[in-house]
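Encoded as structure tokens, the structure appears first; notes follow it.
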Amino acid sequence: MASDHCSAGLFLTHQQPPGRDPLVALDEQLSMVRAARDLGLDSVFAGQHHLAESLAHIQPLPWLARLAAEVGEMRVGIGIHLLALHNPVDTAEAYASLDVVCRGRSIFGVGLGYRDVEYDAFGIPRGERVRRFEENLRIVEQLWAGEEVHADLPWCRLDGVRATMRPVGRPPVWMAANSDNAVRRAARSADTWMINPHATATTVRRQLELFHAEREASGRGPVTELPLMREVFCAPTRERAVELARPHLANKYAVYADWGQDKVMPDQESFRAAYEELSSDRFVIGTPQDCIDALLPWRALGVDHFLFRTEWAGMPVGDALGSLELLAKEVVPALRAAPGGTAHSGQGA
């Protein structure tokens with residue numbers, strides 16, 4: 001049965017133009033976190049990239065630990081940890097430690113990633129990515145469960161070890177996925193699919209059917225939470241929202257195109273497109289009512305945890321704070337008041 005409870009969170013991009021004062025950027029991002037907390041949002045997330053080239057990207061573990069001191073009762077999530085790049089023992093102990101710092105309120109988001117430069121930097125051939133990802137997830141979960149763990153892998157050898165550094169509980173595993181095969185992998189291997197902000201709503205609706213069908217076929221049972229990330233910007237008028245968001249979103253997706261993000265998207269989606277084409281059926285930009293109208297249909301599909309990314313590299317923090325306030329005060333209450341749909345039931349969207 002789908003849950004009528006609905007959560008809303010803030011996804012902190014914390015991507016900055018190279019050379020920008022990192023302390024100024026840090027203080028701005030902390031102001032976003034405090035605003036989200038004081039406005040009653042439920043979660044805060046940060047992501048991971050290595051060698052981000054055209055953007056400066058803070059690493060998530062020290063950042064999330066710093067945020068834990070500010071968030072009050074909010075949940076703290078990584079969205080996502082590039083699991084195949086990292087040693088699973090280090091990952092298990094580091095994120096167990098984060099869960100303790102967060103007093104058991106962490107969410108462990110993982111994904112395969114898509115940038116060759118990151119895999120090349122860690123010396124991982126393309127053909128080994130999925131195997132590393134799946135084996136590392138197995139090892140992390142077994143260590144967290146206190147099980148005796150065995151592994152005889154080129155990058156990790158374990159002979160019946162048990163972890164002594166374990167999380168407070170078991171952080172839920174949210175798996176990001178873009179391609180159809182990755183969506184099916186999330187259905188089999190994770191607690192839920194962390195629905196990406198890059199695909200159009202049309203693509204995601206189709207993939208939700210794949211996700212629920214694969215989950216049922218693998219005997220995983222219905223999910224208890226279905227999170228959705230979206231690029232969202234809210235302003236008093238639609239024209240003002242587009243004016244403030246457009247240049248930064250257009251630049252963001254130009255960077256994604258440079259990084260090859262669209263090469264792993266289904267349905268031949270391309271980010272080498274004009275803003276108008278990119279935004280259609282993908283971005284949520286407009287008045288509070290525009291945002292409500294665009295987001296409410298997701299409730300009917302079972303989404304019960306919305307993650308808003310409402311600031312991008314180069315955007316003045318005051319503009320982002322203005323959007324966040326409107327979202328929290330006018331949009332989130334409408335989402336929370338709406339009944340949930342049937343997507344959790346395994347019957348498809």
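As the structure is a prediction and not an experimental result, all values here were calculated from the model.
At a threshold of 4.5 Å between non-hydrogen side-chain atoms, the residues Leu143 and Val161 count as touching. Within the 4.5 Å cutoff, the side chain of Val232 has no heavy atoms near those of the Arg309 side chain. At least one side-chain heavy atom of Thr192 sits less than 4.5 Å from a side-chain heavy atom of Pro227. Contact check for Cys6 versus Phe306: side-chain heavy atoms found under the 4.5 Å cut-off. Inter-residue side-chain proximity for Phe233 and Arg246 is flagged as unmet; no heavy-atom pair is nearer than 4.5 Å. The closest side-chain heavy-atom distance from Glu28 to Arg20 is below 4.5 Å. Counting heavy atoms from C-beta outward, Ile139 and Leu153 have side chains that approach closer than 4.5 Å. At a threshold of 4.5 Å between non-hydrogen side-chain atoms, the residues Leu326 and Val331 do not count as touching.
A centroid separation of less than 6.0 Å is found between the aromatic rings of Trp174 and His305. A distance below 6.0 Å separates the ring centres of His81 and His86. Aromatic ring centres of Trp144 and Tyr95: separated by at least 6.0 Å.
A single hydrophobic cluster is seen to contain both Val173 and Leu61, as judged by linkage of ILVMFWY side chains at heavy-atom distances under 4.5 Å, directly or through other members. Cluster membership for Phe211 and Ile80, using ILVMFWY side-chain heavy atoms within less than 4.5 angstrom, is not shared.
Considering all non-hydrogen atoms of both residues, Pro17 and Ala313 come closest at CD-CB, 4.5 Å. Of all heavy-atom pairs spanning Ala320 and Glu311, the tightest one is CB-CB, 3.4 Å. Closest of all the heavy-atom pairs between Arg220 and Ala187 is CG-O, 3.4 Å. Minimum heavy-atom separation, His50 to Glu118: N-OE2, 2.8 Å. The shortest non-hydrogen separation linking Glu325 to Leu39 is CA-CD1, 3.8 Å. Pairing each heavy atom of Ile107 with each of Phe45, the nearest pair is CD1-CZ, 3.6 Å.
Note that CZ of Phe122 is 12.5 Å distant from CZ of Arg129, once rounded to the nearest 0.5 Å. Between the CH2 atom in Trp298 and the CG atom in Asp304 there is a gap of 13.5 Å [rounded to 0.5 Å]. To the nearest 0.5 Å, atoms CG (Leu41) and CE (Met32) are separated by 10.0 Å. Interatomic distance, CG of Leu307 versus CE of Met229, reported as 6.5 Å (0.5 Å rounding). Taking CG of Leu249 as the start and CD1 of Ile285 as the end, the distance is 5.0 Å to the nearest 0.5 Å. To the nearest 0.5 Å, atoms NE2 (His49) and CD1 (Ile58) are separated by 14.5 Å.
Proximity of a side-chain donor or acceptor of Arg299 to a complementary backbone N or O of Leu335 within less than 3.5 Å is detected. With hydrogens and angles disregarded, no donor-acceptor distance shorter than 3.5 Å links the side chain of Asp99 to the backbone of Arg170. A donor-acceptor contact shorter than 3.5 Å is absent between the side chain of Arg238 and the backbone of Thr287. The closest donor-acceptor contact from the side chain of Thr91 to the backbone of Pro88 lies at 3.5 Å or more, if one exists at all. A donor-acceptor contact shorter than 3.5 Å is absent between the side chain of Gln142 and the backbone of Leu137. His150 places a side-chain N or O within 3.5 Å of a backbone atom of Gly160 that can act as its donor or acceptor partner. For Asn136 (side chain) and Leu83 (main-chain N/O), a donor-acceptor pair under 3.5 Å exists by modelled atom type. Here the side chain of Thr203 pairs no donor or acceptor atom with the backbone of Ala199 at under 3.5 angstrom. In this structure, Ser106 contributes its side chain and Cys102 its backbone to no donor-acceptor pair below 3.5 Å. Without hydrogens or angle criteria, Asp42 side chain to Ala8 main chain gives a donor-acceptor distance under 3.5 Å.
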*Should Ser43 and Val76 be marked as a side-chain contact (heavy atoms from CB on, under 4.5 Å) after you check the CA-CA gap, both sets of side-chain angles, and the distance that decides it?*
CA-CA 6 Å; Ser43 63; Val76 176; over 6 Å; no

*Run the side-chain contact (heavy atoms from CB on, under 4.5 Å) check on Leu67 and Leu30 step by step: do they pass?*
CA-CA 8 Å; Leu67 295 186; Leu30 287 172; 3.8 Å; yes

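Arg215 forms no cation-pi arrangement with Trp193, by the criterion of a distance under 6.0 Å to the ring centre and an angle within 45° of the ring axis. Geometric assessment of Arg230 against the ring of Phe308 yields a negative cation-pi assignment under the 6.0 Å and 45° thresholds.
For CG of Asp21, the number of neighbouring non-hydrogen atoms (other residues, nucleotides, ligands) closer than 6.0 Å is greater than 12. Around CZ of Arg138, the count of heavy atoms belonging to other residues, nucleotides or ligands within 6.0 Å exceeds 12.
Ion pairing between a basic and an acidic side chain is recognised when a charged N comes within 4.0 Å of a carboxylate O; Glu128 and Arg131 show no such pairing. Under 4.0 Å is where a charged nitrogen must lie from a carboxylate oxygen, and between Glu231 and Arg282 no such pair does. Using a 4.0 Å cut-off between a side-chain N of Lys or Arg and a carboxylate O of Asp or Glu, Arg185 and Asp180 do not qualify as a salt bridge. In summary, Arg162 and Glu147 do not engage in a salt bridge, as defined by a charged side-chain N under 4.0 Å from a carboxylate O. For Arg66 and Glu70, the salt-bridge test passes: some basic side-chain N is under 4.0 Å from an acidic carboxylate O.
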